[in-house]
Amino acid sequence: MKRLGIVYHPDYLLHVSPFEHPESPERLTALMENLESSGLLEKSIQITPDFADDSDVLAIHDQKYLNQFEMSCRRGDIILDAGDTYLCRHSYNIAFLSAGGAVAGAKAVAEGTVDRAFCAIRPPGHHASREMGMGFCLINNIAVAAKYLQSRFDVGKVMIIDWDVHHGNGTQSIFIEDPSVFFFSIHEHPTFSYPGTGRRWEVGKGKGERATLNAPMAPGSGDEEYRLVFEQTLLPAAEQFRPDFILISAGFDAHDDDLSSDTKLSDEGFRFMTQHVIEMAERFCGGRLLSVLEGGYEISSLTSSALIHIRELLEE
């Protein structure tokens, strides 16, 4: 059994919507309760994070955006300018704590305290760009973790695998010209359709050209379609890039039971994707693997697929 770190802080529940919203504290409450009742939490190493350092967040986000975000919370604003992302008075601090969770997981793996880590954090992050939050996301947690690894440890090349059903437009935009971070996203397109990015011809810019790879999936795609992409598209890209560390933007909203999309992944689909990425990490980067929670809004399918994901992360 691998040493798996589980990153969590009860204060993640303080980011609360003033109105009914799919990205709710109940998502994390249910996940942690199921981790405990299943015995998976006991088998893992629990990691309590701190707030991300300003310098680590500023490596990803513009100061102007962070100032506006903080002032919005202080004023008592209930939504960001993007209009699809709620705020409360705690949101600024909890967003830094969420980014700090991704950093804590990355640090534990890089230092060898654990073999792999899963970050049960919120608010999510992969839609947040350098200059704005959107899509329920405030700080781009996985981007902060990637740059933290590169700046604090001997990590040259990072591969980010985003299987949330919605395209990780924020992560893509942050690293669009960075050849040291390979961004792969598999997502439904067209979907309901958010955020409308992630076409096949979006492959990076400048020095980062060919370090972005998008796999838009037609509505109705399921386990077999995803399997083909992982085997025939993602694996060859990893063989060419040969990452030093792999990060997963682990959204679970591509599940058949999640109403935020028309994608038809089953629990077994998430098992296969996890196994495939584990094999890639063992082959290319000494097994160094960090998984960061993104979406997943149907509580039952979120918990069932996330528990399968975590069980696989625990396996040799």
Side-chain angles (χ1 to χ4, degrees), residues 7-34 49-52 54 57 60-102 119-144 164-171 191-196 249-253 257-261 292-303 306:
V7 181
Y8 174 73
H9 198 294
D11 284 357
Y12 290 143
L13 306 181
L14 296 177
H15 175 61
V16 181
S17 175
F19 42 80
E20 187 174 353
H21 197 281
E23 203 297 286
S24 67
E26 287 73 25
R27 301 172 62 238
L28 215 48
T29 299
L31 177 56
M32 295 307 296
E33 287 177 349
N34 277 271
D50 204 344
F51 299 98
D54 288 352
V57 176
I60 296 301
H61 292 288
D62 292 344
Q63 183 70 68
K64 182 180 178 182
Y65 163 63
L66 295 175
N67 291 343
Q68 292 172 338
F69 174 20
E70 184 177 21
M71 287 306 300
S72 294
C73 292
R74 288 186 176 183
R75 283 196 306 263
D77 295 353
I78 61 173
I79 57 170
L80 276 179
D81 290 339
D84 57 6
T85 305
Y86 70 81
L87 298 174
C88 70
R89 63 188 181 92
H90 298 295
S91 296
Y92 183 79
N93 287 336
I94 303 309
F96 268 74
L97 189 60
S98 185
C119 302
I121 61 178
R122 61 178 295 273
H126 73 148
H127 293 307
S129 68
R130 289 193 181 277
E131 66 281 349
M132 70 179 296
M134 61 182 289
F136 316 163
C137 301
L138 298 167
I139 291 176
N140 196 307
N141 306 312
I142 206 158
V144 171
D164 189 281
V165 81
H166 303 101
H167 179 240
N169 60 306
T171 311
T191 181
F192 284 1
S193 163
Y194 190 90
S249 267
F252 297 97
D253 41 5
D257 292 339
D258 196 303
L259 299 180
S260 63
S261 78
V292 177
L293 180 64
E294 299 284 1
Y297 306 105
E298 172 57 46
I299 297 296
S300 61
S301 59
L302 167 63
T303 54

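Note that the numbering runs from 1 along the sequence shown for the chain.
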Hey, are the side chains of H127 and D84 touching, using non-hydrogen atoms and a 4.5 Å cut-off? no
Salt bridge (charged side-chain N to carboxylate O under 4.0 Å, His left out) against E23, all qualifying residues, sequence neighbours excluded: R27, R122
Can you sort out the partners of E33 under side-chain hydrogen bond (donor to acceptor under 3.5 Å, both in side chains), two or more places apart, ordered by chain and number? none
So do the side chains of S129 and N169 get within less than 4.5 Å of each other, counting heavy atoms only? no
Of all the heavy-atom pairs spanning G101 and I121, show the shortest one and how long it is. CA-CG2, 4.1 Å
What's the separation between atom CD1 in I142 and atom SG in C137, rounded to the nearest 0.5 Å? 11.5 Å
May I ask you to test the Y86-P123 pair for a side-chain heavy-atom distance under 4.5 Å? no
Just to verify, what does E20 make a side-chain hydrogen bond (donor to acceptor under 3.5 Å, both in side chains) with, not counting sequence neighbours? none
Could you pull out all residues at least two apart from I78 that satisfy side-chain contact (heavy atoms from CB on, under 4.5 Å)? P18, F19
For the CD1 atom of I79 and the OG atom of S17, what is their distance to the nearest 0.5 Å? 10.5 Å
Listed partners of F136 passing ring-ring contact (aromatic ring centres under 6.0 Å, His included), at least two apart: H21, Y297
Can you give me the closest heavy-atom contact between H9 and P49, atom names plus distance? CD2-O, 3.6 Å
From T85 OG1 over to L138 CG, what is the distance, rounded to the nearest 0.5 angstrom? 6.5 Å
Measure the OG-OH distance between S72 and Y65 for me, rounded to the nearest 0.5 Å. 9.0 Å
Donor on one side chain, acceptor on other, T171 and N140, under 3.5 Å: yes
For D81, what residues pass the side-chain hydrogen bond (donor to acceptor under 3.5 Å, both in side chains) criterion, not counting sequence neighbours? none
Output for pair (M32 CE, T303 OG1), nearest 0.5 Å, gives 13.0 Å
Inter-residue atom distance Q63.CD - E131.CD, 0.5 Å rounding: 14.5 Å
L13 and V16: which non-hydrogen atoms are nearest, and at how many Å? O-CG2, 3.2 Å
Under the salt bridge (charged side-chain N to carboxylate O under 4.0 Å, His left out) rule, collect the residues that match up with D77, sequence neighbours excluded. R75
Distance-only donor-acceptor hits, side chain of residues 88-97, under 3.5 Å, sequence neighbours excluded:
unit_1, atom_1, unit_2, atom_2, d
S91, OG, H15, ND1, 2.8
S91, OG, C88, N, 2.8
S91, OG, C88, O, 3.3

For N141 and G125, the nearest pair of non-hydrogen atoms, with its separation, is ND2-N, 3.6 Å
Residues that H126 engages under ring-ring contact (aromatic ring centres under 6.0 Å, His included), provided they are two or more places apart: none
With the side chain counted from C-beta on, respond yes when Y8 and L293 share a heavy-atom pair under 4.5 Å apart, and no when they do not. no
Quick one: closest heavy-atom pair of S260 and D253, and the distance? OG-CB, 3.4 Å
Could you check whether any side-chain heavy atom of D164 comes within less than 4.5 Å of a side-chain heavy atom of S249, counting everything from C-beta outward? no
Check: D258/S301 side-chain N/O donor and acceptor closer than 3.5 Å: no
Please enumerate all residues that pass side-chain hydrogen bond (donor to acceptor under 3.5 Å, both in side chains) together with H61, with sequence neighbours excluded. none
Minimal heavy-atom distance between L302 and G296, with the atoms involved, is CD2-O, 3.6 Å
